[in-house]
**Q** 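Structure incoming, see below.
Here the structure is a predicted model, which is why all the values come from computation and not from measurement. In each ligand, atom 1 is the first atom listed, and ligand 1 is the first ligand listed. Nothing fancy with the numbering, it's 1 onward along the sequence.
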Amino acid sequence: MALPQHLSGDVVAINAFIDKFDVFLLDCDGVLWSGDHLFEGIVETLEFLRSRGKKTVFVTNNSTKSRPEYQKKFTAMGIPSDVEEIFGSAYSSAIYISRILKLEPPKNKVFVLGEAGIENELRTENVPFIGGTDPSFRRDMTPEDWQGIADGSLLDPEVGCVLAGLDFHVNYLKLSHAYQYLRRGAVFLATNVDSTFPMNHNFFPGAGSISVPLINMTGQKPVALGKPSQAMMDAIEGKFQLNRERTCMVGDRLDTDIKFGIEGKLGGTLAVLTGVNKQADWEAKDAAAVPAFYVDKLSDLRAAAQ
Ligand SMILES: O=C(O)[C@H](O)[C@H](O)COP(=O)(O)O
Ligand SMILES: [Mg+2]
């Protein structure tokens with residue numbers, strides 16, 4: 001496996017890299033920002049790529065926000081964006097459920113472990129759901145819960161799917177409901193299975209760490225609809241009519257972003273060192289994926305603008 005080409009500081013190499021592609025699929029957490037901290041030079045770098053006629057599509061596994069909610073974040077960060085060029089795992093999951101899975105009544109409801117982003121995208125696709133940010137689930141178990149979950153009287157008979165994403169309010173009550181739905185044959189989906197969540201320049205439990213208890217209890221693995229799922233790549237290709245050879249995936253995570261680009265047979269993958277993975281990770285013999293190129297930070301691409 002060829003080692004990645006380091007582009008930072010090499011203007012000739014950066015220009016040659018940029019000229020190879022028409023579309024850049026850009027990961028968000030760990031590439032553009034860490035939580036609400038926008039990395040230096042990101043606005044200018046996006047402007048530079050766009051000035052060179054490149055199309056930018058934001059492809060994020062973060063399911064806590066819907067596309068419109070993400071556009072609000074981009075605007076607040078000073079990044080001009082078109083909501084149609086934002087593709088998150090909540091959206092990817094909602095269109096998978098509504099257009100591929102096509103759950104039929106009387107079992108077409110989704111039990112959500114996750115935040116408003118998932119709920120809003122399911123609403124947009126007219127997919128009925130319970131759970132999610134419903135405050136009635138944010139409490140300790142009561143004797144009535146133990147009994148009602150055990151005998152099924154507190155379970156919704158219309159639930160046919162459990163969708164697990166990044167949930168900042170996960171608890172024993174919600175996991176108990178989700179587990180019982182899976183025992184009853186509900187389809188097990190995840191927006192994504194990232195183990196950690198890069199935030200405030202450190203790492204926190206990721207969406208994948210929300211679904212792990214259910215995997216442990218059921219022995220089932222969810223179908224994950226975020227990166228590296230090729231269902232997501234196919235949806236993106238269809239929506240933007242991609243020429244995969246002229247498309248590059250840019251990300252901070254080997255087992256999602258870079259794997260997504262490689263398995264999607266894109267023309268290239270660019271890793272950045274501002275998020276989850278570092279050079280040692282792709283040099284390890286059990287590396288999840290090896291990028292074709294890498295930069296220390298995304299804004300290093302602007303050297304070609306000088
Ligand atoms: O735990 C998660 O869901 C992920 O760490 C996070 O949201 C990744 O987002 P991305 O880097 O794909 O923008
Ligand atoms: Mg990331």
**Q** Report yes if some N/O of Ala207 lies less than 3.5 Å from some N/O of ligand 1; otherwise report no.
**A**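 For ligand 1, there is an N or O atom that lies under 3.5 Å from one belonging to Ala207.
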**Q** Below 6.0 angstrom between ring centroids: does that apply to Tyr181 and Phe188?
**A**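 Ring-ring flag for Tyr181/Phe188: false, centres at least 6.0 Å apart.
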**Q** Provide the number and element of each atom of ligand 1 under 4.0 Å from a heavy atom of Pro198.
**A**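 Those qualifying, in numeric order: 5 (O).
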**Q** Among the N, O or S atoms that Asp252 has, which is closest to the Mg ion (ligand 2)?
**A**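 This turns out to be OD1.
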**Q** Among the heavy atoms of Ser195, does any lie under 4.0 Å from an atom of ligand 1?
**A**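 No, that is not the case, since the closest heavy atom of the residue is not under 4.0 Å from the ligand.
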**Q** Between the side chains of Thr64 and Glu115, does any donor sit under 3.5 Å from an acceptor?
**A**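 On atom types as modelled, these side chains do not qualify, holding no pair under 3.5 Å.
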**Q** Write the atom name of the N, O or S atom in Asp27 that is nearest the Mg ion (ligand 2).
**A**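 Asp27's closest N, O or S atom to the Mg ion (ligand 2) is named OD2.
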**Q** For Ser89, is there any backbone N or O sitting under 3.5 Å from a side-chain donor or acceptor partner on Ser92?
**A**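 Here the side-chain-to-backbone pair does not exist.
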**Q** Counting only heavy atoms not in Lys239, do more than 12 fall under 6.0 Å of its NZ?
**A**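 Correct, the count exceeds 12.
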**Q** Relative to ligand 1, is Lys227 under 4.0 angstrom through side chain, backbone, both or neither, heavy atoms considered?
**A**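 Side chain only.
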**Q** Going by the order shown, which atoms of ligand 1 are within less than 4.0 Å of some heavy atom of Cys28?
**A**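 Atoms satisfying the 4.0 Å criterion: 13 (O).
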**Q** Is ligand 1 under 4.0 Å from a heavy atom in the side chain of Val31, in the backbone, in both, or in neither?
**A**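 Within the 4.0 Å criterion, Val31 makes no contact with ligand 1.
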**Q** Could you tell me the residue and atom name of the protein heavy atom closest to atom 9 (O) of ligand 1, and the distance to it rounded to 0.1 Å?
**A**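 Heavy-atom neighbour on the protein nearest atom 9 (O) of ligand 1: Asp29 OD2, 3.1 Å.
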**Q** So which of the N, O or S atoms of Asp29 lies nearest the Mg ion (ligand 2)?
**A**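 Nearest N/O/S atom: O.
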**Q** Decide if the gap between the ring center of Phe58 and the ring center of Phe74 is smaller than 6.0 angstrom.
**A**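 Ring centres of Phe74 and Phe58 closer than 6.0 Å.
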**Q** Quick check on contacts: which atoms of ligand 1 are under 4.0 angstrom from a heavy atom of Gly206?
**A**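 Reading through ligand 1 atom by atom, the close ones are 1 (O).
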**Q** Can you tell which of Asp27, Thr60, Asp257, Thr64 gets a heavy atom nearest to atom 11 (O) of ligand 1?
**A**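 Residue with the shortest heavy-atom distance to the ligand atom: Asp27.
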**Q** Show the nearest heavy-atom pair for residues Leu32 and Ile42, with the distance to one decimal.
**A**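 Looking at all heavy atoms of both residues, the closest pair is O-CG1, 3.5 Å.
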**Q** Check each of Asp194, Asn192, Asn62 against atom 3 (O) of ligand 1 and report the one with the nearest heavy atom.
**A**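 Looking at heavy atoms only, the winner is Asn192.
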**Q** Does Asp234 come within less than 4.0 Å of Arg244, counting only side-chain N to carboxylate O?
**A**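 Looking at Arg244 together with Asp234, the answer is yes, because their closest N to O distance falls below 4.0 Å.
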**Q** With a cut-off of 4.0 Å, which atoms of ligand 1 are near a heavy atom of Thr196?
**A**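 Once the distances to Thr196 are compared, the set is 1 (O), 4 (C), 5 (O).
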**Q** Can the ring centres of His6 and Phe293 be said to be less than 6.0 Å apart?
**A**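 No: the rings miss the under 6.0 Å criterion.
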**Q** Going by distance alone, is a donor N or O of one side chain under 3.5 Å from an acceptor N or O of the other, for Thr196 and Arg253?
**A**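 Judged by distance alone, the side chains do pair up.
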